[in-house]
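Notes follow once the structure below has been shown.
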Amino acid sequence: MNTDGFLSTEQAAEHLGVKVTSVYTFARRLAGFPQPARVGRTLLWPKTELDAWRAAHPARKHPTPDT
């Protein structure tokens with residue numbers, strides 16, 4: 001399998017700005033979240049599908065405290 005265009009779980013989490021455990025949770029619980037390809041025991045996440053999912057589901061904006 002050619003792994004170009006795929007990210008490890010750690011890379012996928014960093015790419016999405018979430019924790020590694022969140023990537024696993026999203027894959028299990030969110031309909032439409034990209035599913036990984038398995039190479040041996042390693043999960044590889046398709047970068048283009050992660051980008052499309054993130055575009056459709058922007059990161060939440062946390063309010064900044066007033067100073």
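Start at 1 with the first residue, then count along the sequence. Predicted, not measured: the structure shown is a model, and the values here were computed from it. Side-chain atoms are counted along with the backbone in the values below, which use heavy atoms only and exclude waters and symmetry mates.
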Applying side-chain contact (heavy atoms from CB on, under 4.5 Å) between Leu44 and each of Thr3, Thr9, Leu7, report the one that passes. Thr3
Report the distance from atom CG of Leu16 to atom CH2 of Trp45, rounding to the nearest 0.5 Å. 9.5 Å
Atom CD of residue position Gln35 - does it have more than 12 heavy atoms of other residues, nucleotides or ligands inside 6.0 Å? yes
Backbone N or O of Gln11 within a donor-acceptor pair of the His15 side chain at under 3.5 Å? no
May I ask you to check whether over 12 heavy atoms, not counting those of Arg28, lie within 6.0 Å of atom CZ? yes
Approximate separation, where rounding is to 0.5 Å, of Arg29 CZ and Tyr24 OH: 15.0 Å
Taking all heavy atoms of Pro34 and all of Ala27, pick out the closest pair and write down the distance. O-CB, 4.5 Å
One should read off an interatomic distance between Leu43 CG and Phe6 CZ, to the nearest 0.5 angstrom, of 11.5 Å
Test Arg54 against Val18 for side chain to side chain contact (heavy atoms under 4.5 Å, CB included), laying out the working first. CA-CA 11 Å; Arg54 177 49 85 198; Val18 299; 4.0 Å; yes
Residues that Lys47 engages under salt bridge (Lys or Arg N to Asp or Glu O under 4.0 Å), provided they are two or more places apart: Asp51
I'd like to know if Leu50 and Leu30 are part of one continuous hydrophobic network [Ile/Leu/Val/Met/Phe/Trp/Tyr, side-chain heavy atoms within less than 4.5 Å]. yes
Which of parallel (below 30°), tilted (30 to 60°) and perpendicular (above 60°) describes Phe26 and Trp53? tilted
